[in-house]
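Note sheet for the following structure.
For the single chain, residues carry numbers from 1 onward in sequence order. Computed from a predicted structure; not experimentally measured.
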Amino acid sequence: MSATTAATWDRQRILTALGRHWNSTAALMLAATSRQVESHARGSEVFAEDGSAYLDFAGSYGVFLVGHQNDAVRAAVLDALERAPAALPGTVHPAAADLFAQLTEVLPAQLDRFTLGCSGAEVSEAALRAVFLARPGRRKVVIVDGGYHGKTLGALTVLGQEEHRRDFLPRDPDLVTVAPGDAAAVRRALAGGDVAAVFVEPVLGGAYLRVPPREFLPEVARACQESGTLLVADEIQTGFGRTGALFAIEHSGVVPDIILLSKALTGGFLPVAVAAMTGDVLEAARRSPDWHPGVLEGTVPSGAAMAAAAATIREVRSRDLPARAERVGKALREGLREAVRRHPRHLVDAPGIGLMTGLRTRNPSVENLISMQMAARGIHLGHSLNEQMDQPVLRFYPPLTVEAADIQRVLTALEESLEWLDRRPAWLMERITWLLRRQYRLPPALVLKLMHSNLKVNW
Ligand SMILES: Cc1ncc(COP(=O)(O)O)c(C=O)c1O
């Protein structure tokens with residue numbers, strides 16, 4: 001085994017390793033679109049090894065909320081790493097207390113019991129376990145069509161310790177799916193009094209980006225209260241200011257029973273996630289005969305990650321980033337809406353709120369081609385990662401620290417990209433969509449060859 005470090009990995013070796021050990025099609029695409037090796041990042045920009053700079057309007061789907069390499073957060077992480085990067089459970093770490101104090105400063109007062117995890121999916125699962133313990137006998141969960149809460153399949157399923165599995169398995173939750181924004185459907189689903197919880201994103205993220213009608217969440221909260229159903233608000237994408245309020249629930253004044261947080265929480269330095277719940281939920285869960293300490297948690301979250309999270313919350317508050325998202329986001333949202341008016345052949349609408357914005361495209365090929373054209377102009381956007389959708393939403397999620405001039409640069413590049421697209425015939429869009437939907441089933445080299453011959457652009 002050779003003792004290499006990241007510095008010894010040149011572009012070709014990286015692409016070969018990614019292709020061999022990770023995803024051959026994606027690696028080939030990265031090669032073909034001349035994607036550079038990331039060298040460093042700062043603020044709103046990511047720099048390649050050759051010195052070229054890319055404006056980051058993808059932001060890892062909301063992770064880089066306070067900008068790349070935020071000074072205050074980096075200082076907190078380095079300090080924790082040097083002193084005691086220890087982990088819960090079984091330790092008394094000051095960073096945990098500091099994080100909990102910061103969370104109670106920003107969350108509604110009732111949401112003051114915290115469970116930690118390393119990823120959004122992990123705390124979604126913790127919430128699900130809390131819900132089933134707190135509402136014994138109820139097997140149904142209401143979810144929103146197009147919602148996203150993570151992709152774990154259930155480590156509990158293969159756990160060999162009966163006492164940990166008993167109350168949860170066999171568990172194929174009896175799901176009731178409602179359309180986004182359809183509060184009446186939620187109310188109907190809850191009428192039987194047998195639903196344990198409603199899982200909802202206050203603004204539907206994922207590939208969709210839908211801002212629900214203002215009355216949706218209050219109406220869902222009322223229906224939950226009347227039927228003893230728990231309301232779980234997933235703010236993993238919306239939390240900490242992206243929508244122009246500290247939390248998206250604030251737009252409608254609703255306080256859920258559980259709120260899920262992650263992504264932006266550590267400024268992109270380290271993964272951590274939190275499920276914050278009310279004392280009532282926790283007490284109800286504790287009354288279950290299947291309760292035992294640790295039932296909601298894993299073993300990993302680190303002191304350094306918690307220090308990063310506390311510092312990020314301080315940064316968001318001291319710079320009033322939610323207000324900035326609203327103020328700066330207005331120009332971006334208006335610019336995107338103007339693009340829709342000018343290019344209805346390619347664009348459907350420009351949904352969004354605050355700096356959680358996007359362009360709903362006519363088809364997957366429009367999304368991909370805009371994305372490539374923008375990358376060629378030094379701007380990264382957030383791909384929906386879903387070629388099967390008819391009208392995917394290309395995301396614009398800059399850091400909330402972004403400058404107004406950067407937004408203007410993005411809007412100018414977008415207009416140029418759309419004009420480039422105007423010169424492409426309709427049949428080409430159909431053919432590229434066909435190809436994109438099969439890109440992981442066809443041999444990667446063939447996909448590239450067909451893309452190249454169809455597009456006739458020199459990658
Ligand atoms: C709203 C929402 N919930 C949950 C998740 C899952 O988070 P993770 O990828 O950290 O498991 C995501 C990730 O994109 C998300 O956007």
Side-chain angles (χ1 to χ4, degrees), residues 87-136 138 141 149-150 164 167-168 196-202 221 224-225 228-236 238-240 246-250 253-266 271-303 305-310 312-313 317:
L88 282 179
T91 59
V92 181
H93 202 290
D98 192 28
L99 171 58
F100 297 157
Q102 282 303 311
L103 285 167
T104 52
E105 293 273 329
V106 290
L107 285 168
Q110 302 92 313
L111 293 163
D112 63 350
R113 308 300 168 95
F114 308 115
T115 284
L116 298 170
C118 294
S119 67
E122 246 181 275
V123 291
S124 297
E125 295 230 349
L128 208 48
R129 291 203 292 286
V131 157
F132 286 134
L133 288 172
R135 291 293 179 270
R138 296 191 181 203
V141 174
H149 306 289
H164 287 285
D167 197 50
F168 305 111
V198 176
F199 272 65
V200 65
E201 291 159 78
C224 282
Q225 211 159 27
T229 306
L230 297 175
L231 178 59
V232 181
D234 182 339
E235 293 240 20
I236 286 169
T238 50
F240 301 105
L246 205 42
F247 299 103
I249 49 170
E250 292 172 15
V254 160
V255 178
D257 299 285
I258 302 179
I259 191 167
L260 307 179
L261 307 167
S262 187
K263 286 208 190 294
L265 184 52
T266 66
V272 85
V274 174
M277 56 191 79
T278 64
D280 285 349
V281 172
L282 200 62
E283 285 316 311
R286 280 197 171 130
R287 283 195 294 276
S288 161
D290 291 303
W291 169 267
H292 61 87
V295 67
L296 300 181
E297 308 214 300
T299 54
V300 174
S302 76
M306 287 186 272
T312 301
I313 298 173
R317 295 175 71 201

Are [X] and [Y] close enough that some pair of their side-chain heavy atoms sits under 4.5 Å apart?
X      : Y      : answer
Trp291 : Leu282 : yes
Thr278 : Pro108 : no
Val255 : Ile249 : no
Leu103 : Val274 : yes
Phe247 : Val106 : yes
Ile313 : Leu99  : yes

Given 3.5 Å as the limit, does a donor-acceptor pair link the side chain of [X] with the main chain of [Y], or not?
X      : Y      : result
Thr115 : Leu296 : no
Thr312 : Leu265 : yes
Arg287 : Ala134 : no
Gln102 : Ala309 : no
Glu201 : Ala233 : no

| request: Could I get the full list of side-chain hydrogen bond (donor to acceptor under 3.5 Å, both in side chains) partners for Glu283, not counting sequence neighbours? | output: Arg286
| query | Who passes side-chain hydrogen bond (donor to acceptor under 3.5 Å, both in side chains) against Thr266, sequence neighbours left out? | reply | none
For [X] and [Y], work out which heavy atoms get closest and say how close.
X      : Y      : answer
Arg138 : Thr229 : NH1-OG1, 3.5 Å
His149 : Ser124 : O-OG, 2.7 Å
Ile258 : Ala130 : CD1-CB, 4.4 Å
Ala276 : Leu111 : O-CD2, 3.6 Å
Glu235 : Pro202 : OE2-CG, 3.7 Å

| field | salt bridge (charged side-chain N to carboxylate O under 4.0 Å, His left out): pairs with one or both residues in residues 101-124, sequence neighbours excluded | value | Glu105-Arg317
| request: Step by step, work out the side chain to side chain contact (heavy atoms under 4.5 Å, CB included) result for Val141 and Phe199. | output: CA-CA 7 Å; Val141 174; Phe199 272 65; 3.8 Å; yes
| Given the rule in the side chain to side chain contact (heavy atoms under 4.5 Å, CB included) test, do Thr104 and Phe114 qualify, once you have shown the distances and angles that lead to the verdict? | CA-CA 10 Å; Thr104 52; Phe114 308 115; 3.9 Å; yes
| query | Out of Leu231, Asp234, Val232, which one pairs with Val200 under the side chain to side chain contact (heavy atoms under 4.5 Å, CB included) rule? | reply | Leu231
| query | Is there a side chain to side chain contact (heavy atoms under 4.5 Å, CB included) between Asp257 and Gln110 once you walk through the steps? | reply | CA-CA 8 Å; Asp257 299 285; Gln110 302 92 313; over 6 Å; no
